[in-house]
Every structure is written in structure tokens, then in C-alpha cells.
Number of protein chains: 4
Amino acid sequence: MTGERNEKKAAIAATAVRLFTERGFHGTPTSLIAREAGVSNGTLFHYFPTKEELINSTYYEIKSRMAEEIGRGGDAERTNRERMRRLWRSAVLWGVDHPDEYMFVQQFCSSPFVRRLPPEEFLKDAPAVYEALTETLGTTCLKGMPVEVAFSVITSPIDAVVRSLIESGGDLDADRLIAASFEIVWRGLTEE
Amino acid sequence: MTGERNEKKAAIAATAVRLFTERGFHGTPTSLIAREAGVSNGTLFHYFPTKEELINSTYYEIKSRMAEEIGRGGDAERTNRERMRRLWRSAVLWGVDHPDEYMFVQQFCSSPFVRRLPPEEFLKDAPAVYEALTETLGTTCLKGMPVEVAFSVITSPIDAVVRSLIESGGDLDADRLIAASFEIVWRGLTEE
Amino acid sequence: MTGERNEKKAAIAATAVRLFTERGFHGTPTSLIAREAGVSNGTLFHYFPTKEELINSTYYEIKSRMAEEIGRGGDAERTNRERMRRLWRSAVLWGVDHPDEYMFVQQFCSSPFVRRLPPEEFLKDAPAVYEALTETLGTTCLKGMPVEVAFSVITSPIDAVVRSLIESGGDLDADRLIAASFEIVWRGLTEE
Amino acid sequence: MTGERNEKKAAIAATAVRLFTERGFHGTPTSLIAREAGVSNGTLFHYFPTKEELINSTYYEIKSRMAEEIGRGGDAERTNRERMRRLWRSAVLWGVDHPDEYMFVQQFCSSPFVRRLPPEEFLKDAPAVYEALTETLGTTCLKGMPVEVAFSVITSPIDAVVRSLIESGGDLDADRLIAASFEIVWRGLTEE
DNA sequence: AATGAATGAGTGTTCATTCAT
DNA sequence: AATGAATGAACACTCATTCAT
């Protein structure tokens with residue numbers, strides 16, 4: 001009744017993350033989630049009034065964890081370039097290390113019924129990224145664009161890299177691909 | 001057996017494109033497709049033995065059209081840079097002009113049950129893109145990487161730009177965003 | 001494919017009448033109706049898109065039968081009084097002979113979700129009643145009231161009589177109660 | 001253990017009356033009743049071990065109030081006819097003024113699972129009605145019938161009148177309809 | 001080839017009721 | 001007495017797929 005309060009809720013959420021990730025939204029009945037979480041069907045709906053709400057919760061849960069883990073330790077670097085480089089690398093590696101969760105987030109973002117959601121607040125969760133980015137943007141040809149737009153444009157190759165690495169199953173030289181992709185974007189942004 | 005052969009099949013496919021695009025895979029029952037295509041439920045399954053096969057067909061249909069329309073007229077430009085620039089612009093504008101179909105393709109690619117499909121063959125459908133790209137790649141830091149990988153890394157900002165434009169609802173300066181995003185990548189690739 | 005066309009639909013409807021009558025709307029799951037009708041669950045919804053529509057159909061089915069059976073042979077009598085007397089008697093006896101169906105109709109009429117239905121068209125189904133009634137009304141203190149209103153006011157004791165007889169389980173003198181109730185209303189209507 | 005004893009029980013009962021009245025038995029979950037009554041789910045079942053018992057209580061509650069309000073002031077009139085007339089009028093007006101509660105009582109009486117209840121004791125709650133009635137009955141053609149039977153037969157037009165008035169939404173001349181319906185029954189009972 | 005009636009497993013969700021605290 | 005988390009059997013309804021005609 002004190003510390004472990006949301007034990008069952010947490011179990012449901014964790015199981016949902018795993019199953020959605022393995023089988024997609026539509027491939028995962030709520031009844032399966034409940035069973036694998038060790039609770040009754042009704043309990044799931046006690047905590048998440050709708051399957052949709054469960055999906056949303058799951059999404060935010062993963063995204064927060066992702067942002068937090070990627071940003072962690074990013075302040076240590078000296079130059080702005082080094083900070084960005086490190087974040088770039090962390091982001092790719094997180095995706096490669098958590099392929100299911102990574103694809104789940106992508107799946108969620110491309111899902112038709114999600115487009116009505118409030119705009120992404122990814123940057124709010126990752127202050128290190130935000131700062132490194134704004135410091136960089138001012139001098140580039142993206143000057144004046146909304147930060148989120150610039151952010152998504154600049155970081156989009158990360159997604160391509162992650163997917164390539166996941167799909168290649170280890171045949172690609174990850175370090176070189178990460179470095180090369182970063183170089184392209186960084187030079188494109190900063191070179192005269 | 002020759003002329004009107006695929007009349008009904010074509011009607012089904014066309015209707016499927018439209019409905020999947022408007023409502024997503026799971027929001028579109030096969031019965032609805034059949035009804036709107038003006039054929040019986042059974043006829044649909046006569047031509048497409050499975051809903052999944054219908055989805056795949058639909059996907060390839062849209063993707064081919066997209067590739068063809070984007071690549072059209074791309075050979076006219078003189079320099080390689082101009083060709084790439086034009087393709088970049090065409091790709092973004094196609095996405096902006098066909099938001100539903102664009103998102104459908106994205107949705108498809110992120111769908112879990114699709115990951116087993118044969119690897120993307122996008123480049124096969126767009127020879128102009130393929131040639132412009134290989135000509136460029138040789139001198140960059142991506143030299144030696146598989147073409148598809150290089151391709152997806154380089155073109156990924158297009159996706160970000162399209163999404164930003166779609167979501168902004170017209171408030172963004174499309175021309176500037178297209179130009180800037182291309183500049184970044186191109187300079188990143190070619191600058192010393 | 002010709003005469004026996006709605007065989008399954010008819011089976012569903014008949015079973016629904018029986019079960020609703022025995023167990024009430026809410027006590028009768030659609031799955032039970034389907035099973036007892038010897039069809040699949042889906043077939044039920046093929047013919048009646050909604051449980052509510054099935055209930056409505058059932059109701060109209062019973063009501064039509066009731067009206068038809070009550071009105072049958074009513075034209076034979078000579079005087080208006082005799083026609084009314086006979087109808088009165090037939091109505092009561094129908095209720096006593098079909099207590100379940102009778103109570104089902106009552107249950108339906110008192111059901112909260114039914115009040116939105118189009119106004120009763122009972123009279124349309126029972127032309128003999130309608131004629132006998134209008135002939136009588138003109139000279140009474142109900143002159144000028146809408147026929148349906150007059151009709152429901154005048155015939156309401158029938159319901160009370162039926163219920164009393166059903167509940168008494170045979171201890172009451174049915175003939176005397178029918179006759180007395182009719183006398184009251186008839187005298188009330190026609191006496192100076 | 002004395003003063004505030006039934007505070008919560010009373011709150012539950014009152015809320016149940018309101019909600020059943022507004023939404024019907026089946027449209028009202030016990031959880032909603034508990035929430036709106038400001039008590040916990042479990043408390044409801046502490047006082048009313050079953051939803052059915054709660055429904056019964058509610059019914060008796062409404063019916064008592066109805067009988068009490070209708071009978072109030074009924075003794076003031078001098079003649080028996082005047083007493084009956086006044087009661088008739090009060091009954092109709094109560095129904096018109098409390099359409100939800102009125103329909104609730106009707107719904108309850110027609111509900112299949114209610115037929116097992118002990119016989120109506122309406123008259124016990126309305127001594128004024130009882131007395132006026134027995135005084136009248138002795139001289140009529142209903143002489144010798146059980147009082148409840150006579151009562152329900154005689155008063156049944158009240159129900160028809162109330163329904164007509166509720167459904168007409170104010171388009172009917174209520175006073176005339178009340179008067180006419182009473183006249184019919186009274187004359188029918190007393191005329192030679 | 002074409003139909004569309006028929007199927008029945010499966011889905012999200014509800015809700016009366018129980019019980020540990 | 002009071003709570004409210006937990007239960008799990010039900011339920012209305014959907015839909016990909018089959019098959020007799």
C-alpha cells in the first residue's frame with residue numbers, strides 16, 4: 001500500500017511494451033497482454049480505460065526512456081561538435097541495441113490514428129540535444145526555421161542508419177557508417 | 001480472356017489503394033473494398049487469396065507510381081548536381097501533394113509484419129535516381145557502402161521535410177526548406 | 001433459392017420471439033438466439049445488423065400477429081356494440097392464451113429505449129377495430145380527441161383484465177370479468 | 001449507531017432512484033450509482049447484497065412516494081364522487097409531472113424478472129384511494145371481484161391518459177382528457 | 001468466373017460481485 | 001463499517017475466409 005503501489009499497472013505496461021513491440025498494435029489483443037502480465041482482463045481496463053490509451057502510455061514510456069538514455073552523459077564533451085557527435089552515436093546505438101522498441105516507436109509515429117496527437121515533444125525530454133542543436137543552428141542555412149523542423153531534418157539520417165544496421169544483421173561496419181553519416185550532416189551544416 | 005481480363009481485378013486494386021490510404025490497413029475491411037469496387041466479396045478473394053497479398057500489391061502499386069512520377073523528366077538537367085536537386089525537389093513535392101499515399105507507404109514500411117518482405121527495390125523503379133546517385137557516391141565518405149544504404153541515408157531528410165510540411169499545414173516556406181535541406185546534404189557529400 | 005428464401009432469417013426471428021418472451025431482452029444474448037436457431041453467430045448479424053433491430057423486428061412481428069388474430073372474424077356481428085364486445089373479448093382471450101407474447105409486447109412498450117420509435121400504428125393493423133371505434137367515438141365525450149388517444153384510453157382496461165387473469169392463475173371468473181369491464185366502458189361511453 | 005445510521009444507505013438509495021429513473025435498470029451500472037452517491041463500490045454491496053435488491057428497494061420507494069403524494073388531501077372532498085375525481089386527477093398529474101419516475105414504475109411492472117414478486121400492495125399505501133373505492137364498488141357490476149382486480153381495471157385508463165399526455169408533449173387538452181376519462185369510468189360504474 | 005450467404009474464432013469492453021486491508 | 005483493487009464470465013459485434021450454386 002506504500003512503495004510498490006502500481007505493481008500491477010507497471011506489469012501491464014511492461015508487458016504491453018514487449019508485446020506491441022514483438023507483434024504490433026493490431027496483432028496484440030488486450031487479453032494476451034493481461035494474461036502475460038499475470039492479471040485479469042478486467043484489471044487491464046481498470047488501469048487503462050482503452051486499448052488506445054494503453055498504446056499511448058506505452059509509447060510515451062519508451063520515448064522517455066529512449067531520450068533519457070541517449071542524452072545521458074552528453075554534457076561531458078567540450079566542443080559542440082563533440083557533443084553532437086556523441087549524441088549521434090548514442091542515438092544510433094540505442095536503436096541498434098533496442099531494435100524492437102525502436103521499431104515500435106517508428107510504427108507508432110506512422111500509425112494513421114496517431115496523427116492527431118499533440119506535436120512531438122521529443123526535444124523537451126532531451127535537453128542536452130536541444131542545447132547542442134540550437135547552438136549549432138544559428139549559423140546555418142536552416143537559420144530561422146522552427147527548431148523542431150530543423151531538428152527532424154538534421155537527425156533523420158540517424159533513422160536510416162539504424163534501419164540499415166538492423167536489417168544488415170551485422171554485416172555493415174557500424175562505426176564507419178555512424179561516422180560517415182555524421183560527417184555529412186555536420187559538414188553540410190557548418191562548411192562555408 | 002484478353003481485353004477485359006483484369007477489369008475487376010484492377011477495380012479492386014484501385015479501390016484498395018484509395019481505402020487503405022484513407023483509413024489504414026486495419027481500418028479497411030475486405031468487404032468494404034469489395035463493395036466500393038462494385039464486386040462481390042468472393043471475387044476479391046478470387047483475385048487476391050489473402051488480405052495480406054492485397055496489401056502488398058497495393059503497396060507496390062503506389063510505390064511504383066511514386067517512383068515513376070518523381071523520376072519523370074529528371075534526365076533533362078545537365079550537371080549531376082542539378083539532376084539531384086531536381087529529384088530532391090520532386091520527391092518532396094510528391095509527398096506534399098499526396099500526403100495520404102505518402103503516409104501509407106511510410107505506414108507500410110514501419111509495419112511489423114512487413115519486415116519479412118524482400119529488401120526494398122526502390123532504386124530499381126527509379127533509374128534516374130540510381131544513376132545520379134552512383135555517380136555522386138564514388139567520391140564521398142560513403143564510398144564502399146552498399147548503394148541502398150547510402151541511398152537511404154542520403155535521402156532520409158526528404159522524409160523529415162515532407163512530414164514537416166504536411167504537419168505545418170502551409171505555414172512553412174517550402175521552397176526554402178527544400179533548398180536548405182538539399183544544400184546540407186550535397187555540401188556534406190561533396191565538400192572537401 | 002426461390003420460395004424458401006429467408007429460411008434462416010425466419011428461424012432467427014422465431015427463436016428470438018421465443019427467447020425474448022421467456023427471458024426478456026437483456027436476459028437473452030444474441031449468441032443464444034443464434035445457437036438455438038441453428039445458425040452461426042455471424043449469420044444473425046448478417047440479417048439483423050444490431051440486437052436492437054432484432055428486437056424491433058420481433059416486436060412488430062408479434063404485434064402484427066396479435067392484431068390480425070384479434071381482428072379476425074370481427075365483421076360478422078351486426079350491431080356496433082356487438083362488434084366491440086367481440087373484439088374486447090378476443091383481445092383479452094388472446095392475452096390470456098399467449099401470456100408470454102403479451103407480456104413481451106408490454107415489456108417492449110415500457111422499455112426506455114423504445115420511446116423514440118415512431119408512434120404506434122396498432123390501429124393500422126386492425127381495421128375492424130378502427131372502424132368499430134370511430135363509429136362509436138363521434139357521440140361520446142371523447143369527441144374531437146385524436147383517435148389513437150381515445151383508443152388507448154378506452155381499451156386500457158383490457159390490459160388490466162389480462163394481467164389480472166394471468167396472475168390469478170385461473171381463480172377468477174374470466175367471462176364475468178370480461179363482460180363487466182366491457183359494460184363499464186361501453187355504458188360510460190354511450191349513456192346519456 | 002443510531003443517528004447517522006442510514007446516511008450512506010440513504011444516499012445510495014436516493015441516487016439509485018434518480019439514475020434508474022433517468023437511464024433504466026440495465027443502463028445503470030452499480031459502480032455509477034456508488035460513485036454518484038459518494039461511496040465506494042463495496043459499500044453499495046454492503047447495504048444491498050444484490051443489484052436486484054437495490055432495484056426492488058428503489059421501486060418501493062418511488063411507489064410509496066407516488067401513492068402518498070397522490071392521496072394527499074384526498075379526504076377533503078365531501079362526496080365520494082368528488083373524492084374519486086380528485087384522486088383521478090391527482091394521479092394523472094403526478095404522472096405528467098414525473099414522467100421518468102412514472103415510466104420507471106411501468107418498466108418495473110412489465111419487467112420479466114419481477115413477476116415473481118409478492119402481489120401489488122399499492123392500495124395499502126393509499127388508504128384514501130382504498131376507501132373511496134370500496135365504497136363505490138359495492139353497487140356496481142364488479143361487485144364481488146377482489147378489490148385489487150377491480151381497482152386495476154377501473155384505474156387503468158389513468159395510465160393511458162398519462163402516456164398520451166407525455167407523448168403529446170403538451171398538444172393535448174389535459175383537463176378535458178382527464179375529465180372525459182373519469183366521466184366514462186364513473187358513469188360506467190354508477191349509471192343504471 | 002462470379003456471387004454472396006454462411007461461418008466462427010476473435011476483439012475490445014462492461015459490470016456485478018468478492019475480498020484483503 | 002468502509003474501501004476500491006481485482007476478478008473473469010459475458011456480451012455485442014467484426015471480419016477474413018470458405019463454398020455451394
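Treat the numbers as computed from the prediction; the structure is a model and nothing was measured. Residue numbers begin at 1 in each chain, while the letters A, B, ... track the order of the sequences. Every heavy atom of this structure was used, including side-chain atoms; hydrogens, water molecules and symmetry mates were not.
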Please name the pair of heavy atoms, one in [X] and one in [Y], separated by the smallest distance, quoted to 0.1 Å.
| X | Y | answer |
| --- | --- | --- |
| B/Tyr47 | B/Lys8 | CE1-CB, 4.1 Å |
| C/Leu19 | C/Thr28 | O-OG1, 3.4 Å |
| B/Thr21 | B/Ile62 | OG1-CD1, 3.9 Å |

Between [atom2] on [N] and [atom1] on [X], what's the gap in Å once rounded to a whole number?
| X | N | atom1 | atom2 | result |
| --- | --- | --- | --- | --- |
| B/Glu52 | F/dT17 | CD | P | 9 Å |
| B/Lys9 | E/dA2 | NZ | P | 12 Å |
| B/Arg23 | F/dT14 | CZ | P | 12 Å |
| A/Ile55 | E/dG12 | CD1 | C1' | 11 Å |
| D/Ile33 | E/dT17 | CD1 | P | 11 Å |
| C/Leu54 | F/dC13 | CG | C1' | 13 Å |
| C/Asn6 | E/dA6 | CG | P | 9 Å |
| D/Ile12 | E/dA16 | CD1 | P | 14 Å |

Along DNA chain F (nearest heavy atom to each residue), the more 5'-positioned of B/Gly27 and C/Gly27: C/Gly27
Along DNA chain F (nearest heavy atom to each residue), the more 5'-positioned of B/Phe45 and D/Gly38: D/Gly38
F/dA12 phosphate, OP1 or OP2, under 4.0 Å from C/Thr30 side-chain N/O: yes
OP1 or OP2 of F/dA2 under 4.0 Å from side-chain N/O of D/Tyr47: yes
Aromatic ring pairing A/Phe25/A/Phe104, orientation class (parallel under 30°, perpendicular over 60°, tilted between): perpendicular
Parallel, tilted or perpendicular: ring planes of C/His26 versus D/His26, cut at 30 and 60 degrees: parallel
First of B/His46 and A/Thr50 reached from the 5' end of DNA chain E, by closest nucleotide: B/His46
Closest to the B/Lys8 side chain, choosing from E/dA2, F/dT7, F/dA12: E/dA2
Listed partners of C/His46 passing ring pair (Phe, Tyr, Trp, His ring centres under 6.0 Å), at least two apart: none
Sequence-distant partners of C/Ser57, side chain to side chain contact (heavy atoms under 4.5 Å, CB included), two or more places apart: C/Phe48
Results of side chain to side chain contact (heavy atoms under 4.5 Å, CB included) for B/Ser40 - residues two or more places apart only: B/Thr43
Paired stretches of DNA chain E - 3 or more consecutive Watson-Crick or G-U pairs, each distance under 3.5 Å: E:2-21 with F:2-21
Dump every N/O contact between nucleotides 8-10 of chain E and the protein below 3.5 Å, one line per pair.
unit_1: E/dG8; atom_1: N7; unit_2: C/Gly42; atom_2: N; d: 3.1

Partner set under salt bridge (Lys or Arg N to Asp or Glu O under 4.0 Å) for B/Arg35, not counting sequence neighbours: none
